[in-house]
Amino acid sequence: MGLFTKFVYLLGVRKKEVNVLVVGLNNSGKSTVVNHFKNEEERVSEIVPTVGFSVERFQNQNLAFTAFDMSGHGRYRDLWEHYYKDCHGIIFVVDSSDRLRLVVVKEELDLLLQHPDICNRKLPILFFANKMDCKDALSSVKIAAGLGLDKIMDKPWHIAASNALTGEGLQEGVEWLTQQIRDVILSKN
Amino acid sequence: MCAHQCYQRLSSNTLKFATLPNNACINLCDLNISRWLEAHSDRSAGLTTFARNVILADVSGDGDYKLVLTDVRIQTDKRSRLKVYKGTLLTSDQVLPDVPSSVISFYTDDLEPRVPAVAVACSSDLLIFKNNKPFYKFCVPPGPLTPLEEECWKLFAEPNYDTQKLITDLKSVNFNQLSGRSQELLNLQPNQAQEYIQRYVGITPIKTSPIVCMSTLNRSSQDALAVACPVLGTEDGIIYVLDPQIFTVLHQANVCNVKSTPTIIKTTGMYDVEFRIVVACRENSICVLRRGWLEGKPVVQLNEDIIDLLLIPGDNFIIIGTTSKMLHCYTKRGQRVWSAATVNAITCLCLVPLKHLSTHLIAVGLKGGSVHLYHGRQTVDYTNSPDTPSAMVFGQLGQEEHVMVIITMGGTINFKILKRTADFNLSNQDKLSVPTLQSKPLPLPKRSKLFIEQSMRERQDPMQMHQSFQQDLVNLRLTAARALVQNLTEQSGAGNAEEQVKLSAQILGLGPKFTLILTLENMNGDKAVSNFSVVFHAKPTIYKLSSYLSTVPLIPPGLSYKLETKVTEVLKSGEEQLPGQAIRVFVIRKGQAHPVLAATINMPPTEITTLLFIFSQKFKSACEKMRAFSKRPPDSDILEVYSFYKQATLGDINIPKPSDIQGRAKWEAWNGKKGLAADLAKQKYIEKVQGLSGTYA
Ligand SMILES: Nc1nc2c(ncn2[C@@H]2O[C@H](COP(=O)(O)OP(=O)(O)OP(=O)(O)O)[C@@H](O)[C@H]2O)c(=O)[nH]1
Ligand SMILES: [Mg+2]
């Protein structure tokens with residue numbers, strides 16, 4: 001990349017297309033999170049469980065995001081790995097009120113981190129401890145401890161408590177992800 | 001059976017010596033990583049419950065399945081309770097009037113939202129709860145009193161009766177045939193008897209029989225959420241099938257022709273069609289009841305006590321766990337299929353249906369605190385429980401489909417989740433297991449019989465058979481050809497057989513703005529398609545597209561990708577475009593010149609283009625009409641028509657003024673229309689010609 005284009009990127013003038021993969025167990029609120037990032041007029045009012053996957057586009061700070069909103073249902077979780085190779089970042093949504101399935105979340109996260117398309121990359125991972133409004137929701141600190149996030153050494157990660165219904169906490173998280181992806185793109189060039 | 005031996009580590013942390021079949025041994029030995037995730041364990045739960053008292057049901061009707069169980073207290077000063085857990089948290093706890101024997105849940109109706117009822121059997125009452133609130137109480141119909149007992153209670157009402165004699169009389173009656181009241185009387189101290197009798201004097205006792213076991217039977221559909229009838233078994237040996245809506249007895253039958261007390265009931269089939277109720281009895285027999293029967297038929301008689309019973313859906317095999325550490329499998333007719341010895345005493349059984357592997361495992365809870373999973377007679381897995389399990393359930397809890405809840409004798413509640421990746425090596429196992437030798441001749445299956453009959457008929461009447469076959473074949477070909485033609489003409493879908501991708505298009509909107517939705521479907525059973533792009537080709541003078549080239553992400557097998565493109569019709573008046581034009585779509589693969597798929601999408605005509613088109617057609621026909629006039633109109637009219645024509649087709653005047661008179665007159669007429677819009681000029685032209693045609697045509 002020439003000096004000029006680098007300069008352009010620094011200024012954030014030109015748009016860059018990035019892919020993010022949105023994963024997490026079913027009913028964790030992935031589609032609700034992605035829906036919140038879209039433009040006001042493109043949002044859907046009712047969200048149904050995703051079948052297979054769906055592709056959504058949104059923008060943040062001059063980055064054009066293509067989000068692959070995967071289904072979290074057990075029989076569709078095999079699909080996730082097909083998209084690992086081409087993604088620049090991962091959004092991992094956790095239902096913090098579902099205490100029973102925290103072990104399942106950990107299992108899926110471990111499978112993801114061990115995947116050959118992921119394990120050697122410096123891929124930023126953003127965790128949303130979603131449904132923080134629920135009565136018996138675990139705090140993001142407890143979720144981080146339960147998932148053993150402190151053991152992730154080679155990848156930048158961040159956890160944000162969120163409420164996808166009101167949008168609380170989502171912006172903070174995605175700002176972090178945008179910054180991380182931008183850093184990676186810059187350092188690569 | 002080859003008696004390979006292996007060491008097996010059990011939860012007690014001592015090494016035990018076990019004898020297992022060969023493959024079971026292999027499977028157990030390579031089990032370093034558990035197939036189960038330990039979700040939660042609460043040692044302080046202090047629960048006392050039994051098999052068939054723990055269920056998983058969507059009791060709030062929101063898809064968040066709850067755990068419902070009874071906490072049994074035998075002591076008189078403590079009450080039994082009905083508890084509901086949401087996930088791992090206890091959310092509801094209510095007192096039960098008596099010690100419960102069994103809990104079921106069933107859908108009472110088809111009304112939305114679907115909320116199942118929970119029913120608890122407490123002595124001879126069936127307490128039905130809905131939305132966690134008492135909803136209805138069903139009482140088992142009373143049975144007949146023995147004449148002697150009836151007589152005794154009549155005499156109690158007389159002024160001077162001999163209490164002692166009457167009590168001795170009551171004692172002569174078989175204890176089980178007495179009413180609850182007399183039973184209690186006989187258990188009282190002699191000094192309390194007098195007061196007890198006084199309390200009930202003059203009221204004939206009612207002999208009710210406690211409900212000892214329960215199950216549900218689907219009414220008319222096999223669906224998981226189908227309406228189901230409660231099935232009760234009483235101490236007296238009577239089975240009741242209840243109406244799920246109004247709780248009346250739909251069907252009543254005796255368990256067996258000899259006195260038998262049911263202890264476990266399992267059902268299959270549908271009440272309205274055909275069903276089979278399998279009952280385990282305290283007398284160690286298994287009886288089967290079917291539709292219309294008034295009495296069950298014993299199919300199995302064992303020498304050991306039955307601890308638990310399961311019915312395997314599909315083949316309806318009956319699995320029985322007994323006190324002598326044995327697991328038996330019988331066919332629905334009572335023939336033994338296999339028997340397997342367990343390493344420890346069996347305490348409970350639980351069916352583990354695995355839809356994704358389309359099979360069922362049998363979880364066997366063993367004394368000491370381990371759970372073994374059987375696939376047929378083979379052990380395929382084992383997992384630990386905090387101590388001896390007293391009840392187990394497997395199914396959906398919360399959002400998770402594969403949860404096993406174990407309640408132990410020590411009162412611990414333990415939640416385990418089956419890993420998504422667990423396949424129990426079942427595909428390997430099938431290869432390993434040796435087919436059992438077949439000694440009896442097989443009965444001819446129904447289908448083979450049909451085939452034989454069919455070929456006999458064919459031999460008898462070959463000509464006619466041939467003709468009717470040919471006729472059908474021609475018909476089939478015709479239908480296929482018609483479908484093909486229709487497909488080709490409609491162009492709504494296009495496919496590539498080799499690549500196994502299918503393209504279909506949908507156009508939304510009335511124009512001039514359309515939304516074109518392309519759906520690219522991957523028809524491959526196992527291969528994902530990638531590196532595809534879609535290119536659009538449209539006349540730029542007619543349509544403007546939001547994007548002409550789109551890349552398609554990887555499409556996993558069996559799924560489809562939707563691509564949305566905005567199409568805007570560019571309007572240019574005066575141009576004689578045909579309404580409705582085509583947009584061509586090419587699906588191309590990266591680095592390949594030849595398109596994978598090509599399709600033409602016929603855009604619907606918009607109102608405006610149609611109007612414009614009709615207008616220009618009108619103008620054309622007016623021109624022709626003018627040329628075909630039989631009489632010549634006056635010069636002034638001709639000049640006016642001429643000027644409108646020129647203005648309509650060429651616009652403002654663009655030639656120098658000629659010098660001849662005729663030319664000048666024409667020039668002036670055209671010049672006079674300067675600034676008139678083309679469409680308006682056309683309109684005027686049409687009107688003018690219309691006016692003239694009356695006289696000169
Ligand atoms: N209370 C609460 N509910 C939420 C929140 N986020 C999502 N939900 C609800 O959770 C349910 C599931 O949300 P979805 O977005 O469909 O979940 P998903 O992860 O996309 O599920 P799948 O597509 O099946 O994998 C919906 O009913 C949402 O309304 C939240 O922050 N708080
Ligand atoms: Mg979704």
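In what follows, chains carry the letters A, B, and so on, assigned in the order in which the sequence lines appear, proteins first and then strands, with residues in each chain numbered from 1. Fair warning: this is a prediction, and the values are worked out from it, not measured in the lab.
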### Query
Side chain, backbone, both or neither: which part of B/Leu89 has a heavy atom under 4.5 Å from chain A?
side chain
## Note on the structure
Note: B/Val403 and A/Leu100 closest approach over all heavy atoms is CG2-CD2, 4.3 Å
### Query
Which distance, rounded to the nearest 0.5 Å, do you find between the OG of A/Ser97 and the CG of B/Asp64?
8.5 Å
### Partner set under side-chain contact (heavy atoms from CB on, under 4.5 Å) for A/Tyr84, not counting sequence neighbours
A/Leu21, A/Trp80, A/Glu81, A/Leu112, A/His115, A/Asp117, A/Ile118
### Message
Which residues in residues 121-149 of chain A have any heavy atom closer than 4.5 Å to a heavy atom of chain B?
### Response
A/Asp136
### Query
Relative to chain B, which of A/Val51, A/Leu79, A/Val104 shows the most heavy atom pairs under 4.5 Å?
A/Val104
### Part of residues 24-43 of chain A lying next to chain B, heavy-atom separation under 4.5 Å
A/Asn26, A/Asn27
### Task
Under 4.5 Å, heavy atom to heavy atom: which of residues 65-77 of chain A reach chain B? Give them by number, or say none.
A/Phe68, A/His73, A/Gly74, A/Arg77
### Task
For A/Val55 and B/Pro553, work out which heavy atoms get closest and say how close.
CG2-CG, 4.2 Å
### Summary
Ranking B/Gly398, B/Gly558, B/Ala528, B/Ala39 by heavy-atom pairs under 4.5 Å to chain A gives rank one to B/Ala39
### Task
Name the region of B/Glu401, side chain, backbone, both or neither, that has any atom closer than 4.5 Å to a heavy atom of chain A.
side chain
#### Entry: Residues B/Gln399, A/Arg101; criterion side chain to side chain contact (heavy atoms under 4.5 Å, CB included); working and verdict
CA-CA 8 Å; B/Gln399 298 291 334; A/Arg101 288 210 294 175; 3.2 Å; yes
### Task
Name the region of A/Leu111, side chain, backbone, both or neither, that has any atom closer than 4.5 Å to a heavy atom of chain B.
side chain
### Query
Just wondering, are more than 12 heavy atoms of other shown residues or ligands nearer than 6.0 Å to NZ in B/Lys544?
no
### Message
Looking at A/Glu107 and B/Arg420, is any side-chain nitrogen of the basic one under 4.0 Å from a carboxylate oxygen of the acidic one?
### Response
no
### Task
Check each atom of B/Leu554 against the heavy atoms of chain A and say whether the ones under 4.5 Å are side chain, backbone, both or neither.
both
### Summary
To the nearest 0.5 Å, atom OG of B/Ser560 lies from atom CZ of A/Phe53 at 8.0 Å
### Query
Would you say A/Ser54 and B/Tyr561 make side-chain contact, with heavy atoms under 4.5 Å?
no
### Message
Using heavy-atom distances under 4.5 Å, tell me whether B/Lys419 contacts chain A through its side chain, its backbone, both, or neither.
### Response
side chain
